[in-house]
Amino acid sequence: MSWIREGELNLLEKISANILKAGPMPKHVAFIMDGNRRFAQKKNMQRQEGHMQGFDKLAETLRWCKHLNIREVTVYAFSIENFKRSKDEVDGLMELARQKFEKLLDERENLEKHGVCIRVLGDLNMLPLDLQQLIAKAVLSTKAHNKCFLNVCFAYTSRYEITNAVREMAWGVERGLIKASDVSEPLLSECLYSNQSPNPDLLIRTSGEVRLSDFLLWQTSHSCLVFQSVLWPEYSFWNLCEAILQYQLNHASIQKARELHREQEALQQLEADRACAAEHLQSHGNGKPADGQRRREALLQYIARREERVRDFLDALKRKRDSYFADLGSADVSA
């Protein structure tokens, strides 16, 4: 099955899509694609076949998203916790991933035609080397595409992602790129695997489970969460429409919460900058209290220096991550 499934919506689907698009639409939707194993059990088939049908459903769902003008999709493909499953199942999932990323490389022209950028979020070092190399080649081959984005969370959990972001900031402090006082919520967000994406507007979990299972915990704090009972391989266009309608019904309150959070973040940053600027004035002053003009100048100078440090750090972090993918992608997969 192709990553990109061609085809138009039928007449009823088109009418419904147009009605939905008259309201606020999510630009970024995340999916916890749950229920593949239960689907296989329900249909008396092998677990691997259930996972195969789950991938086929992803391709179909991406087609629906394209027609609904949803430009970005993030999927929970393989949790770090999944390594605890039986060896046969894990090996089967690794082999399925190999097949699908090889297929992606075969479909580069089609992906370029649709402008699809594939990103893989997670710790690839946990995967077999040949799969790491395939993933890197796939990511690099679609890196320049910018019409729509598919983020595949593989060897991923949110707690691991947040922990890694903290490690990245500690690396920046150790290298002298940033100061410990530069650490903030916005900076941590920039250090996440998902730093190139806006936070999801809508998160959908199938199969009836009502938990996030360590998926995008940081990014979905102000997202609409929809839990649906349908098993992932049985997901339909109408299930997606139902979830989008739930988002639209809650859109105003979600936007209000996001705006409030942005204001709080900005206020916290300003307070931190004032404290650091005041400390700098005190340590470099002549013992006399600074007047208002001098405090304002010191604050502006401190903010400019902090922003420059943060930019340099994020540039260095990007170079480090790009180098990792470039080195993997240039290696011989068959080696």
Side-chain angles (χ1 to χ4, degrees), residues 1-7 9-10 12-13 16 29-67 73-104 106-107 118 120 122 126-128 130-131 134-135 138 150-157 202-216 225-244 246:
M1 171 63 67
S2 168
W3 283 74
I4 302 297
R5 182 178 286 190
E6 304 286 351
L9 301 177
N10 64 39
L12 184 57
E13 289 171 342
S16 301
V29 177
F31 291 94
I32 301 178
M33 306 179 294
D34 196 18
N36 292 341
R37 296 197 295 175
R38 274 173 279 174
F39 174 79
Q41 185 178 20
K42 176 181 172 182
K43 298 294 184 180
N44 295 314
M45 59 177 62
Q46 295 293 319
R47 282 181 177 176
Q48 188 69 1
E49 179 60 27
H51 292 306
M52 286 284 291
Q53 295 211 22
F55 176 83
D56 293 348
K57 182 56 64 176
L58 170 60
E60 190 173 17
T61 303
L62 293 176
R63 178 175 69 89
W64 299 331
C65 288
K66 175 176 175 288
H67 287 295
V73 171
T74 298
V75 296
Y76 205 2
F78 189 86
S79 166
I80 292 171
E81 294 297 310
N82 292 154
F83 282 113
K84 297 177 182 177
R85 294 182 179 179
S86 69
K87 184 178 184 303
D88 286 347
E89 185 174 2
V90 172
D91 288 347
L93 288 167
M94 293 298 121
E95 183 55 35
L96 177 61
R98 287 186 186 92
Q99 294 172 15
K100 297 311 175 184
F101 281 104
E102 285 172 352
K103 179 69 174 174
L104 187 151
D106 292 339
E107 294 183 321
I118 306 287
V120 179
M126 295 183 179
L127 304 176
D130 65 321
L131 181 53
L134 273 173
I135 288 172
L150 172 62
N151 306 310
V152 181
C153 293
F154 207 93
Y156 172 95
T157 63
L202 169 64
L203 182 145
I204 299 168
R205 178 167 188 159
T206 58
S207 86
E209 297 289 345
V210 288
R211 52 195 169 86
L212 294 180
S213 295
D214 214 349
F215 180 56
L216 301 180
L225 310 181
V226 176
F227 300 97
Q228 297 176 300
S229 59
V230 61
L231 300 177
W232 175 250
E234 296 176 324
Y235 203 69
S236 73
F237 175 79
W238 305 111
N239 294 132
L240 179 58
C241 289
E242 177 195 15
I244 292 171
Q246 286 294 318

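The residues of the chain are indexed from 1 along the displayed sequence. Just so it is clear, the model here is predicted, and its values are computed rather than measured.
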Would you say [X] and [Y] make side-chain contact, with heavy atoms under 4.5 Å?
X: Lys43; Y: Pro233; answer: no
X: Arg63; Y: Leu9; answer: yes
X: Met33; Y: Leu58; answer: yes

Inter-residue atom distance [X].[atom1] - [Y].[atom2], 0.5 Å rounding:
X: Ile135; Y: Arg98; atom1: CD1; atom2: CZ; value: 9.5 Å
X: Leu225; Y: Arg205; atom1: CG; atom2: CZ; value: 11.5 Å
X: Asn239; Y: Ile244; atom1: CG; atom2: CD1; value: 11.0 Å
X: Ser79; Y: Lys84; atom1: OG; atom2: NZ; value: 8.5 Å
X: Thr206; Y: Asn36; atom1: OG1; atom2: CG; value: 7.5 Å

For Asp106, give me all partners under salt bridge (Lys or Arg N to Asp or Glu O under 4.0 Å), at least two apart in sequence or on another chain.
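Listed in chain order: nothing, the list is empty.
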With sequence neighbours excluded, tell me which residues meet side-chain hydrogen bond (donor to acceptor under 3.5 Å, both in side chains) with [X].
X: Glu49; answer: Gln53
X: Lys42; answer: Glu234
X: Gln246; answer: none

I'd like to know if the side chain of Arg38 reaches the main chain of Leu231, judged simply by a donor and an acceptor atom lying under 3.5 Å from each other, with no hydrogens or angles considered.
no
Under the side-chain contact (heavy atoms from CB on, under 4.5 Å) test, residues paired with Arg47 that sit two or more places apart
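Expected list: Arg37, Glu89.
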With Met52, which of Lys57, Lys100, Met45 fulfils side chain to side chain contact (heavy atoms under 4.5 Å, CB included)?
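Checked Lys57, Lys100, Met45 against Met52; only one passes side chain to side chain contact (heavy atoms under 4.5 Å, CB included): Lys100.
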Only residue of Trp232, Phe215, Tyr76 satisfying side chain to side chain contact (heavy atoms under 4.5 Å, CB included) with Phe31 is Trp232
All ring pair (Phe, Tyr, Trp, His ring centres under 6.0 Å) counterparts of Phe154, not counting sequence neighbours:
Phe78
Using the side chain to side chain contact (heavy atoms under 4.5 Å, CB included) rule, take Tyr235 and Gln228 through it: C-alpha gap first, then chi angles, then the decisive distance, then the call.
CA-CA 9 Å; Tyr235 203 69; Gln228 297 176 300; 2.7 Å; yes
